[in-house]
Number of protein chains: 2
Amino acid sequence: MYELFLQHFNTKVALTAEEEALLKTYLTQKKLRRKQYLLQSGDICKAFAFIEKGAMKSYTVDDAGVEHIIQFGIEGWIIADLYSFLTGEPALYNVDAVEDAELVLISKSAHDALLKVLPKYETYTRLNFEGAYIAMQRRLTSIISNSLEERYEQFTAQYPEIAQRFPQHMIASYMGLTPETLSRVRKRISVK
Amino acid sequence: MYELFLQHFNTKVALTAEEEALLKTYLTQKKLRRKQYLLQSGDICKAFAFIEKGAMKSYTVDDAGVEHIIQFGIEGWIIADLYSFLTGEPALYNVDAVEDAELVLISKSAHDALLKVLPKYETYTRLNFEGAYIAMQRRLTSIISNSLEERYEQFTAQYPEIAQRFPQHMIASYMGLTPETLSRVRKRISVK
DNA sequence: CTTTTCTCTTGATTTAAATCAATACATTTT
DNA sequence: AAAATGTATTGATTTAAATCAAGAGAAAAG
């Protein structure tokens, strides 16, 4: 239980056996079936989720009812509305399962306690945020600076598993495009 | 010296007089004239900069020579190519002064040392990354989900000082638009 | 196993933004 | 003070993406 999470943690910050036992006492498990929500916008995000198995997405829904995907998550990734988690404000995003999923949850109270009792947890958190920030900055740079063809090719090169595991219309949503446009972008690339 | 930086730090994590004195020994100063570079893409980002005074921008330049602004910075903000700073890889971004600037620099070696000698520095860093991550996620959400009018109004509401202090064509670049389009967006808003 | 839903593609048309071009005004620079 | 540079607006035209619409194949549900 919690194998992948502990492995992920130890890769970033190595734990002693005692620390690992302590950490485990703060973790809980959750299983989700395809299409079930982990979080709905307007609710408070009371835990962040490490994905042990399965595939998730976070997204907004606009006035016209269209989903805009903010983030994907598969095994080894963290997913949540961090804004809501950290501030206690209502979530802006929905989070649900694209495939059946097994999650490790760290609640806000567990998170706050861990920051106090386990200094390595703060380092783990900092490294996660560093990585997440850098990934997001690259995504933003790509949106602002590159053509659709370049953006799609960068995306598939950087996240081949995401590109293959999620349906194409979700990739389009993630890129801020209609499914038709992404289909045509792919065609232009394949012709070239 | 370093007044604003120390104030910013203390607001996030309160320091004792001894800790503050220790922290100061790791800081250096730098002044930049308008249009001078702090960093050029391809170089290694060897320090991040806290802005004590002035205005900065980070940006990419595409094949056609067009600037794409990634981030603005004014008094109290941090600016750098964090990707390059953290990984030691060549920077993707240029950083230069839009107004004459006074900076507090924390070099990579100072950063690494501070993480070891001053636990509160790790907390400070974590909180900075949390805030930066959340701000960037909101920007991305806005790009993917909202109309240009909404995006511009959100931007001016959230960062009134930036909107007023930087020329409009830079705001356009930050939004991924041409200056002409932003001019027309503003006109549509004012008519409405 | 068969009906329904989901997924992707393609075509025609509309719509929004980029581009090209000109001008006016403000601010640096010399 | 004059020249040069930077900044913002407006108009005409082109270009790229969204929208509307249809259909075909695959996957999921009953």
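Note that the structure is a prediction, hence the values are computed from the model and not measured. Note on naming: letters A, B, ... go to the chains in the order of the sequence lines (proteins, then strands), and numbering restarts at 1 for each one.
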In whole angstroms, how far is the P atom of D/dT7 from the CD atom of B/Glu67? 11 Å
Euclidean distance, atom CD of residue B/Glu180 to atom C1' of D/dT15 [Å, nearest integer]: 15 Å
For A/Arg34 and D/dA27, give me the distance from atom CZ to atom C1', rounded to whole Å. 9 Å
If I take atom CD in residue B/Glu99 and atom P in nucleotide C/dT28, what distance separates them, rounded to the nearest angstrom? 11 Å
Selection from D/dA8, C/dT19, C/dC8 that lies nearest to any side-chain heavy atom of B/His169: D/dA8
Looking at D/dA17, I'd like to know if its phosphate oxygens (OP1 or OP2) sit under 4.0 Å from a side-chain N or O belonging to A/Thr181. no
Linking I/L/V/M/F/W/Y whenever any side-chain heavy atoms sit under 4.5 Å apart, do A/Met170 and A/Ile79 land together? no
Check the side chains of A/Ser142 and A/Glu150 for a donor-acceptor pair under 3.5 angstrom, ignoring hydrogens and angles. no
Scan side-chain atoms only and decide if A/Ser84 and A/Glu89 contain a donor-acceptor pair under the 3.5 Å cut-off. no
Can you tell me how far C1' of C/dA18 sits from NE2 of B/His68, to the nearest Å? 13 Å
Assert: residue with more 5' nearest nucleotide on DNA chain D, out of B/Leu182 and A/Thr178, is B/Leu182
For a quick test of reading the model: is some side-chain N or O of B/Lys35 closer than 4.0 Å to OP1 or OP2 of D/dT5? no
Residue pair B/Asp112, B/Lys108: steps toward the salt bridge (charged side-chain N to carboxylate O under 4.0 Å, His left out) verdict: CA-CA 6 Å; B/Asp112 291 339; B/Lys108 184 74 167 96; 3.2 Å; yes
Could you please name the option among D/dA17, C/dT10, D/dT10 that lies closest to any side-chain atom of A/Arg184? C/dT10
Is the distance from OP1 or OP2 of D/dT10 to the nearest side-chain N or O of B/Lys187 less than 4.0 Å? yes
Side-chain donor-acceptor pair under 3.5 Å between B/Glu20 and B/Asn10, yes or no? yes
In whole angstroms, the gap separating P of D/dT10 from CZ of B/Arg188 amounts to 13 Å
Quick check on C/dC6: is either OP1 or OP2 less than 4.0 Å from any side-chain nitrogen or oxygen of A/Gln168? no
Given atom CZ of A/Arg33 and atom C1' of D/dA28, what is their separation to the nearest angstrom? 14 Å
Length of the CZ-P vector between B/Arg186 and D/dT10, whole Å: 10 Å
